[in-house]
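Take a look at the structure below.
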Amino acid sequence: MSDSDSRDDIEGVEPYHEPAGGWGALRATAKALAGSRNALAGAELLLKQNQPGGFDCPGCAWPDPKHTSSFEFCENGAKAVSWEATSKRVTPEFFARHTVSELWQKSDHWLEDQGRLTQPMAYDRASDRFVAVSWDEAFTRIGQALNRLPSPDLADFYTSGRASNEAAFLYQLFVRLYGTNNFPDCSNMCHEASSVGLPRVIGIGKGTVTIEDFDKADMIFCIGHNPGTNHPRMMTPLRDASRRGAPIIVINPFRERALERFEAPQAPVEMLTRSYTPIGTQYHQVKIGGDAAALKGIMKALLALDDAAVQAGQPRLLDTAFIETHTHGFEAFAADLRATDWVAIAVASGLSREALEGIAVVYAKAERPIVCYGMGLTQHRTGTSNVEQVVALLLMRGAIGREGAGICPLRGHSNVQGDRTVGITEKPSKAFLDKLGQVFGFEPPRQPGRSVIDTIAAMRDGQCKALISLGGNLAVAAPDSAVSFDAFRRLELNVSIATKLNRTHLLTGGEAFILPCLGRTEVDKQAGGQQSVTVEDSMSMVHASRGFIKPASEQLRSEPAIIAGIAKATLKSPAALAATVDWDALIANYDLIRDKMEVVMPDLFRAYNERIREPGGFRLYNSASERVWKTSTGKANFVPFSDLEEDEHFADPLVLRLTTMRSHDQYNTTIYGLDDRYRSLFGRRDVVFMNAQDIARAGLVPGARADIWAFHQPGQGVRPRVLRGMTVVNYPLPEGCCGAYYPEANGLVALEHCDPDSLTPSYKSVPVRILPADAVDDGGDTRVGTEGLSGRAPVAASA
Ligand SMILES: Nc1nc2c(c(=O)[nH]1)N[C@H]1C(S)=C(S)[C@@H](COP(=O)(O)OP(=O)(O)OC[C@H]3O[C@@H](n4cnc5c(=O)[nH]c(N)nc54)[C@H](O)[C@@H]3O)O[C@H]1N2
Ligand SMILES: Nc1nc2c(c(=O)[nH]1)N[C@H]1C(S)=C(S)[C@@H](COP(=O)(O)OP(=O)(O)OC[C@H]3O[C@@H](n4cnc5c(=O)[nH]c(N)nc54)[C@H](O)[C@@H]3O)O[C@H]1N2
Ligand SMILES: [Mo]
């Protein structure tokens, strides 16, 4: 690979030529297991991962194959599990040793690496420390703080997508009884563009394919997602598709190793002969933010091919019968494509007309195409439109609601999709609220609530005074770190239900509580015996998950039990007391929670408790898969994309598009280690990946230290946003594009820099200028507050 060969002598930058997977993955797994309680228990854990009767891996939302007898190998699943099953503990003695101000100075990696939380803790301002409290005291004080607020709309309730269906359902019930729909959730920063875009065009905010469709697909698009790292079990169907000759078209500014070549760790021949399977048959390095333009180009070329077929009296390449019967708006859509200039498409996408036509030629032959996409498509100002263009591409060939074909948004957290299904949304439907109120005997709040961006703005503006987080690390995951940290410091109450310590917990403006909970892998024993929870994967399969290892501490409680504890201590109004919720009974036996979900959502959860006991679970009804279009027109909609104009900032060749992404050694804000081996980087994350021409143009050289300045500065009175001291790494990116790691770079993303339709932060397309380090003196006033987080924290010393 020329990228790594041409690397200049920079500490931590070493060529890594191996295919993805392979022995490198086995070595990394062995290392991850060594960090769990003991290697044997670790190995045993992995055997129960994603197996019927076992636990659902907290790593990603990729589905389990239905008939798993064989062990599904996944390096990053192993990391996720051993990270939870660590033997390290964060005890009250730990908190006695460190003030909160001291802890704030530590890196994100260090904070989580201290181990599992063991006891409920409350912030003590006098000593600037967290001190142990009893569960009852914590619940009582939280209830009092919530009830002190003049209005329930002054409180927000965040959910990170690991929460089970049972926890999420109880949580939304509690919060609606309390009186608000303020449900910011991680999905707002992730697939919100899908949740808004897909319903508009196909009538449901979920993907339409099943895992079985992947076995039948004859072509796969991978747009803006990195499966070798973020959904590694997807490599098995991708490898199978490649081996049976199905073309795989990759659209991604980075050359991701697993999308180029993959060595299957379960395949003895590949492993022993050191051979591998090529994955992407065509790899197109689109310009950051150029996907909608690229899709337009492919569709324009497809129209031209269809015209030519008509001329030549050959079969049509558009599925005209489908378009006629099932869709709306095709004429105007096609007219827009015809009117769009190829030059504009090439400029915006960074891809040549020939390249895009080459994709169309392959696509025109596919009978069963699947389009997969991830954050590279959604986290843009045009995120929602991007999703609509993916759908249009499929509709042109009637490829939704057909076996082996369809759309596959790769969801993030393992149960982010399920949390939405069971009511974690700031915009609940009337039907859902009516039914919820009827089943539990209360009048739910009808006013739409806040999502992440609005919540942070409300905290900043004094409109949100209390935050409860069911998992996650919101302050760090959110954009605009300096703004968001300041906003959190204004809270009167900050409560985190968590497994591990993170920076959000340390934002202690007022009262703060850390409530330690059980993880997925642990036994959840309640009055009615050991409990299972349920989760929904990216493909709408709902199944049970049952932990089996001993909890990290006897004090831990399950998420449902903690929610019930807060609910009982908080809900004191006559109306809330009149509601018919027996919290103790629900917690004693989660079957009863599922029975309630079934009554509230009978169409989705018929015979819930019975069906989750079948191995592999069951699939939720998906209207678009059945070609039932619950849209405003009653059909699938074609929506033209007319926003190809360059953002004015980019007229300046020194302004680059910065994308922020995950390394191979991290889970969102959880940094397992400082390597990113597929990108040839070891022991550090404080880099900016740049194209050689852009490095020269900025007056830099590889290895130089540089500051990244955000070029857009919306927001009155906001300090300039800069990330200092990054090392320049030469990387074969399209010109005008650069990359840095999430979350270190979050301080560069203005809160307002988001998709106006879905409010998804535009984390993947930030206008920046890169200047030699300290070229601009800021008088010490421009720190975004995230430099320390990247750190070069010695991973070996703390492991
Ligand atoms: N091990 C591990 N697994 C995870 C996670 C994790 O952090 N670690 N996170 C989980 C979560 S919550 C999520 S949402 C998913 C995230 O999974 P992904 O969607 O794969 O997320 P990212 O790594 O942020 O970025 C994906 C890809 O987008 C590309 N990209 C960047 N900008 C653009 C662009 O403008 N256009 C195109 N076409 N591509 C672009 C990047 O090069 C990168 O390959 O993974 C989930 N699984
Ligand atoms: N710049 C930039 N920013 C991004 C992104 C990006 O690509 N670029 N991606 C965005 C995306 S896609 C997402 S989803 C968000 C992620 O945002 P979040 O979901 O808020 O963040 P995580 O890092 O996944 O949360 C980690 C914490 O979850 C807690 N935790 C782990 N397991 C459990 C559990 O079982 N129960 C409970 N209660 N807590 C648990 C631990 O305390 C851990 O510290 O970040 C977003 N931010
Ligand atoms: Mo995500």
Side-chain angles (χ1 to χ4, degrees), residues 58-62 74-77 79-80 83-84 108 111-112 117 158-164 167 185-191 222-232 250-256 259 284-291 294 373-380 386 410-414 416 452 469-479 496-505 514-522 559 562 657 659-670 672 733 737 739-746 748-749 760-761 763-766:
C60 76
W62 185 258
C74 172
E75 171 194 341
N76 279 353
K79 285 183 204 155
W83 192 249
E84 183 172 297
D108 289 276
L111 289 175
E112 279 215 28
L117 296 158
Y158 178 66
T159 312
S160 167
R162 267 194 202 184
S164 62
D185 81 307
C186 70
S187 196
N188 300 142
M189 299 178 275
C190 181
H191 263 293
C222 291
I223 310 182
H225 72 107
N226 185 15
T229 291
N230 296 323
H231 3 272
V250 182
I251 300 183
N252 193 317
F254 271 77
R255 291 198 75 91
E256 303 292 16
L259 289 168
H284 298 279
Q285 288 186 269
V286 70
K287 214 153 104 176
I288 289 172
D291 298 274
Y373 68 93
M375 298 300 99
L377 206 73
T378 59
Q379 294 175 332
H380 289 283
N386 290 352
L410 289 148
R411 303 303 297 239
H413 270 295
S414 49
V416 59
V452 163
S469 295
L470 180 54
N473 186 5
L474 178 57
V476 175
S496 297
I497 301 167
T499 50
K500 290 214 174 172
L501 182 63
N502 65 46
R503 194 168 301 280
T504 300
H505 309 165
I514 306 174
L515 306 179
C517 66
L518 294 171
R520 277 279 167 79
T521 54
E522 289 165 324
E559 291 177 338
I562 295 172
R657 289 179 169 76
T659 195
T660 61
M661 71 273 159
R662 297 157 166 79
S663 79
H664 191 64
D665 271 2
Q666 81 182 73
Y667 192 90
N668 297 340
T669 69
T670 296
Y672 302 130
L733 284 167
C737 299
Y741 289 113
Y742 146 55
E744 288 87 336
N746 283 34
L748 295 168
V749 189
T760 312
Y763 293 121
K764 294 277 190 280
S765 191
V766 188

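All residue numbers refer to positions in the sequence shown, counting from 1. Side chains included, hydrogens not; waters and symmetry mates left out as well; all remaining heavy atoms used. These numbers were taken from a predicted model, which means no experiment stands behind them. Ligands are counted one by one from 1 in listed order, and the atoms in each one are counted from 1 as well.
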Hey, mind stepping through Arg662 and Asn668 against side-chain hydrogen bond (donor to acceptor under 3.5 Å, both in side chains) and telling me if it holds? CA-CA 7 Å; Arg662 297 157 166 79; Asn668 297 340; 2.9 Å; yes
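- Looking at Ser496, its side chain never comes within 3.5 Å of a backbone N or O of Ser469 through a donor-acceptor pair.
- Counting all heavy atoms, side chain and backbone alike, Glu559 lies closest to Ser164 at OE1-N, 4.0 Å.
- Nearest to atom 21 (O) of ligand 2 by heavy-atom distance, out of Leu474, Leu501, Asn473, is Asn473.
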For a side-chain hydrogen bond (donor to acceptor under 3.5 Å, both in side chains) check, start with the C-alpha distance between Asp108 and Thr669, then their side-chain angles and the critical distance, and finish with the verdict. CA-CA 7 Å; Asp108 289 276; Thr669 69; 5.8 Å; no
Does Asp185 form a side-chain hydrogen bond (donor to acceptor under 3.5 Å, both in side chains) with Thr159? I'd like the steps, not just the answer. CA-CA 5 Å; Asp185 81 307; Thr159 312; over 6 Å; no
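- With a heavy-atom cut-off of 4.0 Å, Thr669 touches ligand 2 through backbone and side chain alike.
- Remark: ligand 1 atoms within the under-4.0 Å shell around heavy atoms of Phe254 are 42 (O).
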Give the C-alpha distance, both sets of side-chain angles, the deciding distance and a yes or no for side-chain contact (heavy atoms from CB on, under 4.5 Å) between Phe254 and Asn226. CA-CA 9 Å; Phe254 271 77; Asn226 185 15; over 6 Å; no
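- When hydrogens are left out, the protein atom nearest atom 32 (N) of ligand 2 is Arg162 NH1, 2.9 Å; that is the closest non-hydrogen contact.
- Listed by number with element, the atoms of ligand 1 under 4.0 Å from a non-hydrogen atom of Gly374 are 19 (O).
- In terms of protein heavy-atom proximity, atom 30 (N) of ligand 2 is nearest to Thr499 OG1, 3.2 Å.
- With hydrogens left out, the protein atom closest to atom 39 (N) of ligand 2 is Gly471 CA, 3.4 Å, a heavy atom.
- Of the listed residues (Glu559, Met375, Met661), the one carrying the non-hydrogen atom nearest atom 37 (C) of ligand 2 is Glu559.
- Scanning all protein heavy atoms for the shortest distance to atom 1 (N) of ligand 2 gives Asn746 OD1, 2.6 Å.
- Side chain of Asp665 to backbone of Tyr672: no donor-acceptor contact under 3.5 angstrom is found.
- Looking from atom 15 (C) of ligand 2 to the surrounding protein, the closest heavy atom is Tyr742 OH, 3.6 Å.
- The ligand atoms of ligand 2 that sit less than 4.0 angstrom from a heavy atom of Asn502 are 27 (C), 42 (O), 43 (C), 44 (O).
- Closest approach of Gly376 to Asp291, counting heavy atoms only: O-OD2, 3.7 Å.
- Backbone and side-chain nitrogen or oxygen atoms of Arg411 are examined, and none is located within less than 3.5 angstrom of a nitrogen or oxygen of ligand 1.
- Nearest to atom 24 (O) of ligand 2 by heavy atom, out of His413, Lys500, Glu744, is His413.
- Using modelled atom types, one finds a donor on one side chain and an acceptor on the other under 3.5 Å when comparing His664 with Glu75.
- Among the atoms of His505, none of the N or O lies under 3.5 angstrom from an N or O of ligand 2.
- For ligand 2, the atoms lying closer than 4.0 Å to a non-hydrogen atom of Ser160 are 18 (P), 19 (O).
- When atom types are taken as modelled, the side chain of Thr660 and the backbone of Tyr763 share a donor-acceptor pair closer than 3.5 angstrom.
- Evaluated by nearest non-hydrogen atom to atom 43 (C) of ligand 1, the leading choice among Glu256, Met189, Lys79, Arg255 is Glu256.
- Given atom 20 (O) of ligand 2, the protein heavy atom at minimum distance is Tyr158 OH, 2.6 Å.
- Note: an N/O pair closer than 3.5 Å links Gly376 and ligand 1 by distance alone.
- Nearest to atom 25 (O) of ligand 1 by heavy-atom distance, out of Lys764, Arg662, Gln666, is Lys764.
- Near Gln379, meaning under 4.0 Å from one of its heavy atoms, ligand 2 places the atoms 5 (C), 6 (C), 7 (O), 9 (N), 10 (C), 12 (S).
- Close contacts between ligand 1 and Cys190 involve ligand atoms 14 (S) [criterion: under 4.0 Å to a heavy atom].
- Between Cys186 and ligand 2, no pair of N/O atoms sits closer than 3.5 Å.
- Ser765 and His380 get closest at one heavy-atom pair: CB-ND1, 3.2 Å.
- Near His380, meaning under 4.0 Å from any of its heavy atoms, are these atoms of ligand 1: 34 (C), 35 (O).
- The nearest non-hydrogen atom to atom 46 (C) of ligand 1, considering only Thr660, Asn76, Asn230, comes from Asn230.
- Which parts of ligand 1 touch Asp291 is read off a 4.0 Å heavy-atom cut-off, strictly below it: atoms 34 (C), 35 (O), 36 (N), 37 (C), 38 (N).
- Taking all heavy atoms of Ala477, Pro516, Cys517 into account, the minimum distance to atom 17 (O) of ligand 2 is reached by Ala477.
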Walk me through it: do His413 and Ser187 pass the test side-chain contact (heavy atoms from CB on, under 4.5 Å)? CA-CA 9 Å; His413 270 295; Ser187 196; over 6 Å; no
Check against side-chain hydrogen bond (donor to acceptor under 3.5 Å, both in side chains), Thr760 and Gln379: CA-CA 6 Å; Thr760 312; Gln379 294 175 332; over 6 Å; no
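- Heavy atoms of Leu377 come nearer than 4.0 angstrom to ligand 1 in no pair at all.
- Protein heavy atom in closest approach to atom 44 (O) of ligand 2: Glu112 OE2, 2.6 Å.
- Ligand 1 places these atoms under 4.0 Å from at least one heavy atom of His231: 17 (O).
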Trace of the ring-ring contact (aromatic ring centres under 6.0 Å, His included) decision for Tyr373 with His191: CA-CA 10 Å; Tyr373 68 93; His191 263 293; 5.7 Å; yes
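- Close N/O approach between Pro253 and ligand 1 is not found [any backbone or side-chain N/O within under 3.5 Å].
- Distances between N or O atoms of Asn226 and those of ligand 1 include at least one value under 3.5 Å.
- Of the polar atoms of Thr229, at least one N or O is found under 3.5 Å from an N or O of ligand 1, judged by distance alone.
- Between Gly289 and ligand 1, a contact under 3.5 Å exists for at least one N or O pair.
- Scanning the protein heavy atoms around atom 28 (O) of ligand 2, the nearest turns out to be Gly472 N, 3.2 Å.
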